[in-house]
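Below is one structure, written out as structure tokens, with a few remarks after it.
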Amino acid sequence: MNPEEDGPKRTLTARVVKVLVHHRHERGMSLEPHASRCVRAGDVHELVTTDHVETESGARIDRVAFLGFAEFDRGGVIDRGDRLRIGDHFVGTVLGFDACHFPNHYNILIHAETPLSGRDLELQPETELSFAQHPESAASGVGLSSHRRGSEAVLL
């Protein structure tokens, strides 16, 4: 998100179409340089949680857990820093995107304190989830940037 250009946006909703249950410690995903991606109504993308915090292009993402695949109800934009919720449960914050399976689908990488799988969160097909803009950024146009702490980038 560019706080000098970006304003409020719609919350995106999606439904789980396939639950995934596995964890990997040497996955080797590569973070795309893009801080946002558009999704169309009906797009299906894979949701992956990680405890990595690096946001630089090409950052290697190894420690992951797979939530599953979700179909988006309407078109919109997912930005780094958006918050993923399943019902009222906050899961994590969008870290970025891995395109190893594109154009079939993106892996949407979600930063969480601990990588959690679909089994860990007891997901079922048709579970509704949402991606919402961070409340501070919607109100003020800031809050979705990354800041450096030592050698790590930290999402706000």
Any donor-acceptor pair under 3.5 Å linking the side chain of [X] with the backbone of [Y]?
X: Asp62; Y: Gly28; result: yes
X: Asp98; Y: Leu31; result: no
X: Ser130; Y: Ala132; result: no
X: Thr49; Y: Leu116; result: yes
X: Arg40; Y: Asp43; result: no
X: Lys9; Y: Val77; result: yes

Roughly how far, to the nearest 0.5 Å, is [atom2] of [Y] from [atom1] of [X]?
X: Glu128; Y: Arg85; atom1: CD; atom2: CZ; answer: 13.5 Å
X: Leu84; Y: Ile86; atom1: CG; atom2: CD1; answer: 5.5 Å
X: Arg10; Y: Phe131; atom1: CZ; atom2: CZ; answer: 15.0 Å
X: Ile110; Y: Asp82; atom1: CD1; atom2: CG; answer: 9.0 Å
X: Ser117; Y: His22; atom1: OG; atom2: NE2; answer: 9.0 Å

**With Phe90 via ring-ring contact (aromatic ring centres under 6.0 Å, His included) - residues at least two apart** =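 With neighbours one apart ignored, the set is empty.
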
**Item:** Greater than 12 external heavy atoms within 6.0 Å of Arg83's CZ
**Value:** yes

Would you say that [X] contacts [Y] through its side chain, given a criterion of any heavy-atom pair below 4.5 Å between the two side chains?
X: Met29; Y: Val48; result: yes
X: Ile78; Y: Tyr106; result: no
X: His111; Y: Val53; result: yes

**Complete:** Heavy-atom closest pair (Ser30 atom, Gly58 atom, distance to 0.1 Å) is OG-CA, 3.6 Å

**Request:** Show your reasoning for whether side-chain contact (heavy atoms from CB on, under 4.5 Å) applies to Leu109 and Val94.
**Result:** CA-CA 6 Å; Leu109 300 169; Val94 173; over 6 Å; no

**Prompt:** Which residues pass the side-chain contact (heavy atoms from CB on, under 4.5 Å) test with His101, sequence neighbours left out?
**Reply:**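 side-chain contact (heavy atoms from CB on, under 4.5 Å) list for His101, sorted by chain: Arg27, Glu46, His105, Asn107.
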
Just list the side-chain donor-acceptor pairs under 3.5 Å for residues 63-73, sequence neighbours left out, or say none.
| unit_1 | atom_1 | unit_2 | atom_2 | d |
| --- | --- | --- | --- | --- |
| Arg63 | NE | Asp51 | OD1 | 2.8 |
| Arg63 | NE | Asp51 | OD2 | 3.3 |
| Arg63 | NH2 | Asp51 | OD1 | 3.2 |
| Asp73 | OD2 | Thr13 | OG1 | 2.6 |

**Request:** Check whether the side chains of Asp120 and His23 place a donor and an acceptor atom closer than 3.5 Å, and report yes or no.
**Result:** yes

**Request:** Walk me through it: do Val16 and Lys18 pass the test side-chain contact (heavy atoms from CB on, under 4.5 Å)?
**Result:** CA-CA 6 Å; Val16 174; Lys18 180 177 182 173; 5.8 Å; no

